[in-house]
Amino acid sequence: MKGSSPPSSSRYQFLEIRHIDSPPHRVIKYPAMSVKYEHKEIEPKWQHYWEDHSTFKVTEDRAKPKYYCLEMFPYPSGRIHMGHVRNYAIGDVIARYKTMRGYNVLHPMGWDSFGLPAENAAIDKGVHPAVWTYENIAYMREQLKKMGFSYDWDREVTTCDPAYYKWNQWFFLKMYERGLAYKRRSSVNWCGSCETVLANEQVIDERCWRCNFTVEQKELDQWFFKITDYAEGLLSWCDRLSGWPERVLTMQRNWIGKSQGVEVDFPLADSDNSIRIFTTRPDTIFGATFMSLAPEHPLVEDLIKGTETGTEARNFIERIRHQDRIIRTAVDVEKEGIFTGRYAINPLTKDKMPVWVANFVLMEYGTGAIMAVPTHDQRDFEFAKKYNLPMKVVIQNAEGTVSVDTMTTAYIEEGRLVNSGQFSDLNSKEAIDKIAEYIEKEGLGKRTVNYRIRDWGVSRQRYWGTPIPVIYCERCDTLPVPENDIPVLLPRDVAFTGKGGSPLLQSKEFVETKCHNCGGIARRETDTMDTFVDSSWYFLRYTSPKTDSSPFEKGSVSYWMNVDQYIGGIEHAVLHLLYARFFTKVLRDLGLIQVDEPFRNLLTQGMVIKDGAKMSKSKGNVVDPDYIIEPYGADTARLFALFAAPPERDLDWSDRGVEGAYRFLSRIYRKVAELSTNIKDRTDLEVDRELPADLRYLRKSVHQTIRKVTDDIDVFHFNTAISFIMELVNAIYLIPVEGRTGDRLFLSVMKEALENVVLLLSPFAPHISEEMWGMLGHGPSVLKLQWPSYNEEIAHEEERLIVIQINGKVRGKIKIPAGIPEEEIRRRALSDERINGLIGDKVPSKVFVVQEKLVNIVV
RNA sequence: GCGAGAGUGGCGGAACUGGCAUACGCACUGGACUUAGGAUCCAGCGGGCAACCAUGGGGGUUCAACUCCCCCCUCUCGCACCA
């Protein structure tokens, strides 16, 4: 959804012209005998027809089964790119196909329209973000319409519209009430030149992506959503999302990162304090020989106070704390640390253990402190080697070869416990349970579960986003804005300099406010929300986009949800898809919706590649869709995007391939044009009669093709579905026309064939299909027709081709009638003249017969 | 390092639960039509004179392997000191 591509300056003129083009009702005309496929006339004609007749409008209709088909909405960066074309072409095939299968299909589109690029455009070009954004939307909407996608534009959702972001604020207030939105100090990437927070992906080599200023870590008050409360639910539901790609689920599971372990208190040797650690390997506790604390650990200051190494330690800690988090946590960073001068007691061995501070221990995970077991943990091993710390083997392998003297890496596998008191001789698995049990019984600690996922930081020091609805009163402290006072609107007249932090800070009109509680002076929160908040519930808004008394109508949501098919790029595998799941669960708990999960089925399409470079996102758009649509048309662009590769795989863009798609459409068109005058006005055509061989064969192909195309669309194999249509068209071309244009049987079969080709093609190339449907003597629209069904009897192949192998090598082929017994197939294969010649005097030792397929003779 | 996915003609890609490898398209070659063709229609098109050999490489299971099993190589993506 995100992306940034500044619009070219020349397009504004274009934009104006587009806008004047408002649609009066048009008369649909068909060419009399034109044989040339004129996509430039055909495509606008049908786009206007669809618009004039509200062909894509959809309402709740309980007489039909519903189907919610959704593609990830775009960020309005300026123009659509090939990634969008592909994504939306896939969605459109599904939407149109399901419509023709009798479903009531919701297929909406909107704009993920808050975000940084708009603000950067304001800084660079002096255009207001709102102006820039809405101009982009206008242009891109026209581009999407030119592609012929079947969206119900009456449901368009724009997230930067106050009517939309009001509900972001409303959800925030609801979450604040429940403690799911909270504020705390947290470390952020800060650019001192731009005076703003940077997202991790905006930090390049420790520098600001825009001004190249060195990025530092800064502690700031930040708003968070408590996604960690939902960690377990988000994780356990992964097992029930059977319609999601396994790799997306794996990524989400990893991101949530659940681990079960034990928290244990290690008392300090000379104080009443203790250090709490988290470990997943309590079986190694007898091997813990020292402790490591995160530099940020609150106990550190106390520990180093007054010790010999105090100053040195303080310097070290300061240095580490200021390191970039990303760099500090990289695996190849050398482990370093410093001794605090103090000792703790291992509660099981009662041994004295030196307490260290180490750069690789993270305050954010677990308790920010670990027991170090150098023999059975690689990190502790490296650390101990470097600083010459004591080691002790407590897990032994089956051969008994694990020894401090010989080991070059830690032994991290499971094994048999040694040197572990009463627990010696247990295996690791048992010991983990037994020792955890013992620790709980002795009151030394307790079993806990840790998650790697962190709460979702939603504060952004930016203008172009949803204002966080909070005020700070001098007397009453932090107060949420009352529900009646939202939306908190973005002020329009602010300066965009790129300096001095968020532009909102400079807006007195915005910042200065009155406390609704005490009437005193108060100041508004100037942070805005992460734009992922917008995309976390837009799919709900589509069900009732105009409602202004609630975020969505309960009835509409319960009619349409879940999304039956969601389609988008793999790059959102974790963030967007996880946040949307989180929001869904929160809204469920707020009683606003009934579903547990937003997206029943997920299709992640591959990237569009051109000459090895990806064409979406920041790398630049190598091929602009407009340059395809201009010479070839939208139908060609769609067809190629779907034909060149299966949806999940990366697609290599090829100009030659595009030409091929265009040629194919022209080829069908020509055949329809050639025969349409003979077909369209005939009322006496009917196919169910005794047919000559070539027509009977074609008819069989038609029905077989319907079956194959249908089966393939059902499993999203669009590339092969299209190739079957191509084969059928090739077969049509092989039927001689000469002298038959008055032949009733010929015309009847051709009519059936061409009509079915048009219907099968219509989800892929809708404009030309509408056109050809008209040429064949029918009124619009194809979309309102039923998907063709095939006749089992006609599709049935009465002859089967049997491959005859000798010793696994193909030696011959025979045709046999379908349904004859295995014994007869064997007999015919063995009596085949050619086969007999090849066998000669040799005696077949065994003959394998695969029913109606193959015979393998072993000699 | 760990996890997932992929590797098939000159190219994009087909091949269902093991049963004709290379469907369909592109490129290329030839023919037809034509003043002309970069349009269109038709045909050919993995390698090899052949026996045969070819689905990243090497083993295995099987009457039969792109498909199943083991080892290795390459590429893509994700995670990456998470205790």
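Not measured: the values here are computed from a predicted model.
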Please state whether the base of B/rC41 and the side chain of A/Arg670 form at least one donor-acceptor pair under 3.5 Å?
-> no

For A/Ile725, report the nucleic acid contact type (base, sugar-phosphate, nothing); a contact means any heavy atom under 4.0 Å.
-> nothing

Can you tell me how far P in B/rC45 sits from the matching atom in B/rC24, rounded to whole Å?
-> 12 Å

Name the nucleic acid region contacted by A/Thr280, choosing base, sugar-phosphate or nothing; use a 4.0 angstrom heavy-atom cut-off, strictly under.
-> sugar-phosphate

In whole Å, what separates the P atom of B/rG12 from that of B/rU8?
-> 7 Å

So which nucleotide does B/rC26 pair with, by the Watson-Crick or G-U wobble rule with both distances under 3.5 Å?
-> B/rG10

Rounded to whole angstrom, note down the P distance from B/rA50 over to B/rG37.
-> 34 Å

At under 4.0 Å between heavy atoms, what does A/Gly366 touch on the DNA or RNA strands: base, sugar-phosphate, or nothing?
-> nothing

Do we count A/Tyr365 as stacking onto B/rC82 if the rule is ring centres under 5.5 Å and planes under 30°?
-> no

Just checking A/Asp650: base, sugar-phosphate only, or nothing, at a heavy-atom cut-off of under 4.0 Å?
-> sugar-phosphate

Could you say whether A/Arg281 or A/Glu727 is positioned toward the 5' end of RNA chain B, judged by the nucleotide with the nearest heavy atom to each?
-> A/Glu727

Please determine if a side-chain N or O atom of A/Arg811 lies less than 4.0 Å away from the OP1 or OP2 oxygen of B/rC52.
-> yes

OP1 or OP2 of B/rC28 sitting under 4.0 Å from any side-chain N/O of A/Arg656?
-> no

Side-chain N or O of A/Arg649 closer than 4.0 Å to phosphate OP1/OP2 of B/rC75 | no

Taking atom P in both B/rG18 and B/rC2, what distance in whole Å separates the two?
-> 30 Å

Nucleotide B/rU40, atom P - distance to OH of A/Tyr37 in whole Å | 14 Å

Considering only heavy atoms and no angle criterion, is a donor-acceptor pair shorter than 3.5 Å present between the side chain of A/Lys853 and the base of B/rC20?
-> no

Mind checking A/Arg452 for me? I need base, sugar-phosphate or nothing, with any heavy atom below 4.0 Å counting as a touch.
-> base

Winner on side-chain proximity to A/Pro646, out of B/rG13, B/rC63, B/rG78, is B/rG13

Any A/Asn730 side-chain N or O less than 4.0 Å from OP1/OP2 of B/rG25 = yes

For the side chain of A/Asn254 and the base of B/rC79, is some donor closer than 3.5 Å to an acceptor across the two?
-> no

For the residue pair A/Tyr37 and A/Tyr662, is the inter-centroid distance of their aromatic rings smaller than 6.0 Å?
-> yes

Under 4.0 angstrom, heavy atoms only, what part of the nucleic acid is A/Lys813 near: base, sugar-phosphate, or nothing?
-> base

With both distances under 3.5 Å as the test, what is the Watson-Crick or G-U wobble partner of B/rA21?
-> none

Donor on one side chain, acceptor on other, A/Asn254 and A/Arg452, under 3.5 Å = no

On RNA chain B, more 5' by nearest nucleotide between A/Thr367 and A/Gly660 is A/Gly660

Determine which nucleotide pairs with B/rC68, using a 3.5 Å limit on both distances of a Watson-Crick or G-U wobble pair.
-> B/rG60

Whole-Å distance between B/rC63 P and A/Arg826 CZ?
-> 15 Å

Polar contact flag, side-chain donor to acceptor under 3.5 angstrom, A/Ser259-A/Tyr365 = yes

What about the rings of A/Tyr387 and A/Trp356, do their centers lie closer together than 6.0 Å?
-> yes

Is there a Watson-Crick or G-U wobble partner for B/rC75 with both distances under 3.5 Å, and which nucleotide is it?
-> B/rG5

Respond yes when some side-chain nitrogen or oxygen of A/Arg253 is under 4.0 Å from OP1 or OP2 of B/rC79, and no when none is.
-> no

Does B/rA50 pair with anything, Watson-Crick or G-U wobble, both distances under 3.5 Å, and if so, with which nucleotide?
-> none

Sugar-phosphate only, base, or nothing, as touched by A/Phe724 at under 4.0 Å among non-hydrogen atoms | nothing

Nearest-Å distance, CD1 (A/Ile256) to P (B/rC79)?
-> 14 Å

Closest to the A/Met726 side chain, choosing from B/rC41, B/rG13, B/rG25 | B/rG25

Distance test, side-chain N/O of A/Arg663 to OP1/OP2 of B/rA27, below 4.0 Å = yes

Looking at residues at least two apart in the chain, or sitting in another chain, which of them share a side chain to side chain donor-acceptor pair (under 3.5 Å) with A/His297?
-> none

Just how far, in rounded Å, is C1' of B/rC16 from NE2 of A/His717?
-> 10 Å

For A/Val850, which contact category applies under a 4.0 Å heavy-atom criterion: base, sugar-phosphate, or nothing?
-> base

A/Leu642 CG - B/rG12 C1' separation (whole Å) = 14 Å

To the nearest angstrom, the CD-P distance between A/Glu364 and B/rC81 comes to 12 Å

Atom-to-atom span, CH2 of A/Trp255 to C1' of B/rA80 - whole angstrom = 12 Å

Please give, in whole Å, the distance from B/rU40 P to A/Tyr669 OH?
-> 16 Å

Name the orientation of the base relative to the sugar in B/rG9: syn if the glycosidic angle is within 90° of 0, else anti.
-> syn

Whole-Å C1' distance, B/rU62 and B/rU67 | 13 Å

The Watson-Crick or G-U wobble partner of B/rC41, with both key distances under 3.5 Å, is B/rG31

Can you find a side-chain donor-acceptor pair between A/Thr228 and A/Asp455 that sits under 3.5 Å?
-> yes

Contact under 4.0 Å: A/Ser845 side-chain N or O vs B/rC63 OP1/OP2 | no

Any side-chain N or O of A/Asn719 under 4.0 Å from OP1/OP2 of B/rA14?
-> yes

Contact summary for A/Val262 and A/Pro282, nearest pair of heavy atoms = CG2-CG, 3.7 Å

Validate the cation-pi geometry between A/Lys335 and A/Phe360: distance from NZ or CZ to the six-membered ring centre under 6.0 Å, angle to the ring axis within 45°.
-> yes

With sequence neighbours excluded, tell me which residues meet side chain to side chain donor-acceptor pair (under 3.5 Å) with A/Ser666.
-> none

Could you work out the separation of B/rA15 and B/rC20 based on their P atoms and round it to a whole Å?
-> 13 Å

Looking at CG of A/Leu249 and CG of A/Leu577, how far apart are the two atoms once the value is rounded to the nearest 0.5 Å?
-> 10.0 Å

For B/rG7 and B/rG13, measure between their C1' atoms and round to the nearest Å.
-> 13 Å

Who is the Watson-Crick or G-U wobble partner of B/rC82, with both distances under 3.5 Å?
-> none

Give one of base, sugar-phosphate or nothing for A/Gln805, where a contact means two heavy atoms less than 4.0 Å apart.
-> base

With a 4.0 Å cut-off on heavy atoms, is A/Val574 in touch with a base, just the backbone sugar-phosphate, or nothing at all?
-> nothing

